[in-house]
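Shown next, in structure tokens, is the structure this report addresses.
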Protein chains: 2
Amino acid sequence: MDPRRTPGQRAGLSREQVLAAARDSLLERGLSGLTMRAVAQRLGVAPNALYSHVPDKAALVEDLLDDALGAVPDPPADADWRTGLRDLMARTHAVLLDSPDLVPLYLGRGARGPNARRLGAGVLDLLARGGVTGPEAQEALRALIVYTIGFAAFEVQPGPEDADPGERSAGLSGTFDRGLGWLLAGIGG
Amino acid sequence: MDPRRTPGQRAGLSREQVLAAARDSLLERGLSGLTMRAVAQRLGVAPNALYSHVPDKAALVEDLLDDALGAVPDPPADADWRTGLRDLMARTHAVLLDSPDLVPLYLGRGARGPNARRLGAGVLDLLARGGVTGPEAQEALRALIVYTIGFAAFEVQPGPEDADPGERSAGLSGTFDRGLGWLLAGIGG
DNA sequence: ACCTGAACACCGTTCAAGT
DNA sequence: ACCTGAACACCGTTCAAGT
């Protein structure tokens, strides 16, 4: 793209820079604006230059998804298991809302990266502290994930243009916590 | 596409035929194979011919989403509200699994068509029978929707290739019902 | 190994013209 | 009103070539 570089010269790109440019693209142009060509343009390179650092677009998006989950902290080791779960899922929910455009993708392709596994392990650990183990713990984990991501996806939708988005989001956040409470009460037995 | 028709002649297309062709495309080629051009080719018309029957691709997909929900029956009027809800959500869940490729889209853009509204009204009616009304009913409705669609989305994901898909799906169906039970128990109070 | 240039095989959508 | 032909402005990805 930049006419100053001829075929032999390199731009000094790194995988991290590619991911960062992808995040910026997503933030400024939304999901439909996240294209290989846009990311390349932002970096001042030819579109196909990205393929030296990322296998393809799917892999790039997958990294974006897992990286976003890195912002969710581990639960404190001494917390009550129930409040620990409530807190962990609420924080996950908040992090998801920070990247609204990514949310629908979590349920579409799932997150299987290291951060997703770390979070899953954290949930299972808290459940075990509450005496929930084995298959029931797996079921509870799935229900909590589904509810948290699903709710965020619901929240992030355009929605009918009746109320202003701020007020609407505020009402929904309260709902998230309440439904989560229902779920946790049920899991407890 | 068909060389037998020249610019003046018409193919006798209807909106219904376009939607049906889109469903076939989705079934045979998956979501990535659902393109305006593929639908047109299936109907033997030029790609832009579709725009006489559908505003754009987004509208077409929206109709596909709501139409699929038409397969969910209304709950019987005399059922106990709790088992009625359990049944209605389970049927919705089953219908969602019948169109796996559409599932991620329900959370991405939401369903706001007549069938989606009918289902929502059905849920609210059952909740009212259980004494759950007002804002709490809205919260319960949202939790049930989120859980049902979210779970289906989770189920439909490719997943790691460890077990065969049949066995995996069977285990997950049981989990759906259990988490739903937790939720309903919580909603009951 | 990393990058450019050019190309391939696609997309959704629009516009003008024909009946 | 409904359709075709042609085009526009895009996509992701591959391939050959340059250093």
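Among pairs with a residue in residues 101-126 of chain A, none fulfils ring pair (Phe, Tyr, Trp, His ring centres under 6.0 Å), at least two apart in sequence or across chains. Note on residues 94-104 of chain A: no pairs pass side chain to side chain donor-acceptor pair (under 3.5 Å), not counting sequence neighbours. Counting only residues at least two apart or on different chains, the salt bridge (Lys or Arg N to Asp or Glu O under 4.0 Å) pairs with a member in residues 37-49 of chain A are A/E28-A/R42. Within the structure, the salt bridge (Lys or Arg N to Asp or Glu O under 4.0 Å) test picks out the following pairs touching residues 125-137 of chain A (sequence neighbours left out): A/D125-A/R129, A/E136-B/R178. Among pairs with a residue in residues 72-85 of chain B, those fulfilling salt bridge (Lys or Arg N to Asp or Glu O under 4.0 Å) read B/D74-B/R118, at least two apart in sequence or across chains.
Atom-to-atom, OH of B/Y51 to C1' of D/dC8 comes out at 13 Å; the value is rounded to the nearest Å. At whole-Å resolution of the value, CZ in A/R37 and C1' in C/dC11 are 12 Å apart. The interatomic distance linking B/L43 (CG) with D/dC2 (P) rounds to 15 Å, in whole Å. The nearest whole Å value for the distance from the CD atom in B/Q41 to the P atom in D/dT4 is 13 Å.
Closest to the A/S52 side chain, of the nucleotides C/dC2, C/dT14, C/dT4, is C/dC2. Listed nucleotides C/dT13, D/dC3, D/dG12 differ in distance to A/M36; the shortest reach to its side chain belongs to D/dG12. The side chain of A/P47 approaches D/dT13 more closely than any other nucleotide in the set C/dC11, D/dT13, C/dC2. In this structure, of C/dG12, D/dC11, C/dC3, it is C/dC3 that holds the atom nearest to the side chain of A/H53. Taking the side chain of B/R5 as heavy atoms from C-beta on, and the options C/dC2, D/dG18, D/dT4, the nearest nucleotide is D/dT4.
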- Task: Check step by step if ring-ring contact (aromatic ring centres under 6.0 Å, His included) holds for B/F151 and B/F176.
- Result: CA-CA 7 Å; B/F151 201 94; B/F176 171 77; 5.5 Å; yes
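A donor-acceptor pair shorter than 3.5 Å cannot be found between the side chains of B/E16 and B/H53.
Nearer to the 5' terminus of DNA chain C, by closest-nucleotide assignment, is the contact made by A/P7 (compared with the other of A/P7 and B/P7).
Distances shorter than 4.0 Å separate some side-chain N or O of B/T35 from OP1 or OP2 on C/dC11.
Legend: residues meeting side chain to side chain donor-acceptor pair (under 3.5 Å) with A/D56, ordered by chain and number and at least two apart, are absent. With sequence neighbours excluded, the residues that form a side chain to side chain donor-acceptor pair (under 3.5 Å) with A/Q9 are A/T6. With sequence neighbours left out, B/R10 forms a salt bridge (Lys or Arg N to Asp or Glu O under 4.0 Å) with no residue at all.
Within residues 9-19 of chain A, the residues having any heavy atom closer than 4.0 Å to DNA chain C are, in order of number, A/Q9, A/R10, A/A11, A/G12, A/L13. Contacts between residues 54-61 of chain A and DNA chain D, defined by a heavy-atom separation under 4.0 Å, are made by A/D56, A/K57.
Nucleotides D/dC15 and C/dC3 have their C1' atoms positioned 14 Å apart, rounded to a whole Å.
In this structure a side-chain-to-backbone donor-acceptor pair under 3.5 Å is present from B/N115 to B/D66.
Taking a pair as Watson-Crick or G-U with both hydrogen-bonding distances under 3.5 Å, the stems of three or more pairs touching DNA chain D are C:4-8 with D:12-16, C:12-16 with D:4-8.
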Validation: residues 17-24 of chain A side-chain donor-acceptor distances under 3.5 Å, sequence neighbours left out:
none

